[in-house]
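Let me begin by presenting the structure, written as structure tokens, before commenting on it.
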Amino acid sequence: MVREKATQDGEVPVPSSLPTYLALSDLIAGEFADCSPGTTLPGEHDLARRFGVNRLTARAAVDELERRWLIRRVRGSGAYTVRRIEYRIGAAYPVSFTEAMARLGVETTTTAEPPERRAAGTADSHVLGVPLGAPVLVLRRTRHVQGVPAVVGQSLLAGDLLPGLEDALAAGTSLHAVMKDTYGIEPALGWSQVRMMPPPPEEARRLALRGRPPLVRMGARIVDRNSGRYVEVVDQWLRPDYFDVIVEVQ
């Protein structure tokens with residue numbers, strides 16, 4: 001049986017069948033479920049007073065909401081409600097990240113390092129299916145959502161299929177759009193893998209994270225529908241507080 005905590009006038013009771021901070025986090029989540037992203041959460045003092053709990057319990061409840069990716073704390077500004085982006089991966093969805101976000105109405109910006117051209121080593125040859133010594137390119141990118149770095153990763157590309165890519169890929173241009181428009185390549189998802197794991201220190205730094213919390217690591221091989229060859233191998237890390245990654249298998 002659910003019992004309610006005795007409260008003073010004006011206080012909202014917190015069910016006591018769960019640890020108080022968990023019950024409180026559920027109450028707060030329910031109240032803010034229909035609010036627009038960016039709605040400011042009351043401060044810990046206000047939450048404690050309203051629900052008749054101490055400040056440490058209120059803080060624990062807010063910590064729980066952050067762990068569930070329902071709010072985001074901004075140092076010096078407070079806590080805000082968020083809505084994670086449903087990034088769907090499957091045959092029915094765009095293989096291009098830029099196109100997928102555009103369809104959702106999500107504005108993103110991309111910064112890219114100049115492509116690095118090199119001769120394929122053993123690992124490159126294995127994952128991309130090219131001969132040893134064949135030309136390959138490495139493209140490293142950081143994608144921003146609302147000005148915050150939310151995705152980092154790199155693409156390993158078959159250099160013989162993309163001659164002059166360094167000049168064709170202008171700042172902010174979709175790689176897959178360039179493949180189609182400039183090289184007549186039709187990118188399609190050939191293989192993918194999604195895991196939750198801590199990122200390497202360098203990727204955590206690029207995402208401006210505190211520590212190395214688990215991220216969504218997505219690997220993919222992109223095939224050219226015309227030639228049947230692998231044209232790209234993707235290895236990227238996504239922040240789970242920004243993205244709800246959904247893999248659909250038919």
Side-chain angles (χ1 to χ4, degrees), residues 25 29 37-38 41 60 62-75 77-90 93-113 115-116 123-124 126-128 137-157 172 174-176 187 189-222 232-249:
S25 66
L41 200 72
V62 175
D63 289 343
E64 175 66 17
L65 294 174
E66 188 175 31
R67 282 191 293 270
R68 297 181 195 176
W69 305 314
L70 296 176
I71 65 164
R72 185 173 299 121
R73 283 185 170 114
V74 179
R75 183 172 297 180
S77 180
Y80 302 87
T81 59
V82 296
R83 186 163 298 145
R84 295 159 70 211
I85 301 164
E86 287 193 355
Y87 179 23
R88 295 180 180 268
I89 301 169
Y93 302 100
V95 68
S96 165
F97 178 88
T98 302
E99 183 181 346
M101 293 300 104
R103 287 193 182 186
L104 294 172
V106 177
E107 293 187 7
T108 62
T109 58
T110 300
T111 56
E113 299 176 12
E116 171 194 342
D124 299 336
H126 174 71
V127 297
L128 199 52
L137 296 103
V138 179
L139 178 63
R140 296 181 176 86
R141 289 169 291 184
T142 302
R143 305 183 190 274
H144 298 76
V145 177
Q146 299 173 343
V148 177
V151 185
V152 295
Q154 71 173 32
S155 292
L156 178 69
L157 304 158
S174 165
L175 172 62
H176 290 171
L189 185 63
W191 169 90
S192 64
Q193 182 186 77
V194 177
R195 303 175 65 184
M196 286 288 293
M197 57 190 300
E202 174 60 19
E203 307 295 29
R205 184 194 65 78
R206 291 171 65 191
L207 286 170
L209 298 175
R210 290 180 296 172
R212 295 168 57 200
L215 302 179
V216 179
R217 183 179 186 180
M218 192 187 85
R221 289 180 182 174
I222 308 301
E232 178 186 12
V233 176
V234 179
D235 183 20
Q236 63 182 2
W237 300 82
L238 300 89
R239 288 181 53 164
D241 55 334
Y242 276 82
F243 292 95
D244 182 10
V245 179
I246 303 169
V247 180
E248 296 189 1
V249 180

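Quick caveat: nothing in here was measured; it's all calculated off a predicted structure.
- Contact annotation: the side chain of Pro214 never approaches that of Met197 to less than 4.5 Å [non-hydrogen atoms, C-beta and beyond].
- To the nearest 0.5 Å, atom CG of residue Asp235 and atom CD of residue Glu203 are 7.5 Å apart.
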Next item on the list: Dump the intermediate steps for side-chain contact (heavy atoms from CB on, under 4.5 Å) on Leu215 and Leu207, then the final yes or no.
Entry: CA-CA 10 Å; Leu215 302 179; Leu207 286 170; 3.4 Å; yes

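- In this structure, the side chains of Arg217 and Val245 stay at 4.5 Å or more apart for every pair of heavy atoms.
- Salt-bridge formation is not detected for the pair Arg83/Asp244: no Lys NZ or Arg NE/NH1/NH2 atom is positioned less than 4.0 Å from an Asp or Glu carboxylate oxygen.
- Nearest heavy atom pair, residue Leu175 against residue Glu232, reads CD2-OE2, 3.6 Å.
- For the atom pair Leu41 CG and Ile71 CD1, the distance stands at 5.5 Å (nearest 0.5 Å).
- Rounding to the nearest 0.5 Å places CE of Met196 at 10.5 Å from CG of Leu238.
- Annotation for Glu107: atom CD does not count as buried by contact number, only 12 or fewer foreign heavy atoms lying within 6.0 Å.
- By the neighbour-count criterion of 12 heavy atoms within 6.0 Å, atom NE2 of His126 is sparsely surrounded, having that number or fewer from other residues, nucleotides or ligands.
- Counting only heavy atoms from C-beta outward, the side chains of Glu202 and Val152 never approach each other to under 4.5 Å.
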Item checked: Chi angles and distances behind the side-chain contact (heavy atoms from CB on, under 4.5 Å) call for Glu66, Val82 -> CA-CA 10 Å; Glu66 188 175 31; Val82 296; over 6 Å; no

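- Between the CZ atom in Arg143 and the CZ atom in Arg239 there is a gap of 16.0 Å [rounded to 0.5 Å].
- Taking both residues in full, the closest heavy atoms of Val233 and Val127 are given as CG2-O, 3.5 Å, listed atom of the first, atom of the second, then distance.
- Residues Phe243 and Val145 meet the side-chain proximity criterion, which asks for heavy atoms closer than 4.5 Å.
- Between Ile222 and Leu189 the shortest side-chain heavy-atom distance falls below 4.5 Å.
- Of the possible donor and acceptor atoms, none in the side chain of Arg140 sits under 3.5 Å from a partner among the backbone N and O of Gln154.
- The minimum heavy-atom distance linking Leu139 with Pro115 is given by the pair CD1-CG, 4.0 Å.
- In this structure, Arg72 contributes its side chain and Asp241 its backbone to a donor-acceptor pair below 3.5 Å.
- Between Trp237 and Arg206 there is no side-chain heavy-atom pair separated by less than 4.5 Å.
- Atom CG of Leu70 sits about 9.0 Å away from atom CD of Glu64, to the nearest 0.5 Å.
- Between Val148 and Tyr242, some side-chain heavy-atom pair lies under the 4.5 Å cut-off.
- Considering only heavy atoms from C-beta on, His176 stays 4.5 Å or farther from Thr98 through its side chain.
- Panel note: side chain Arg84, backbone Pro240; a donor-acceptor pair is recorded below 3.5 Å.
- Heavy-atom minimum distance, Pro187 versus Val95: O-CG1, 3.7 Å.
- The two residues His144 and Pro149 have their closest heavy-atom pair at CD2-N, 3.5 Å.
- Arg141 and Ala112 get closest at one heavy-atom pair: CG-CB, 3.6 Å.
- The CZ atom of Phe97 lies 7.0 Å from the CD atom of Gln236; values are rounded to the nearest 0.5 Å.
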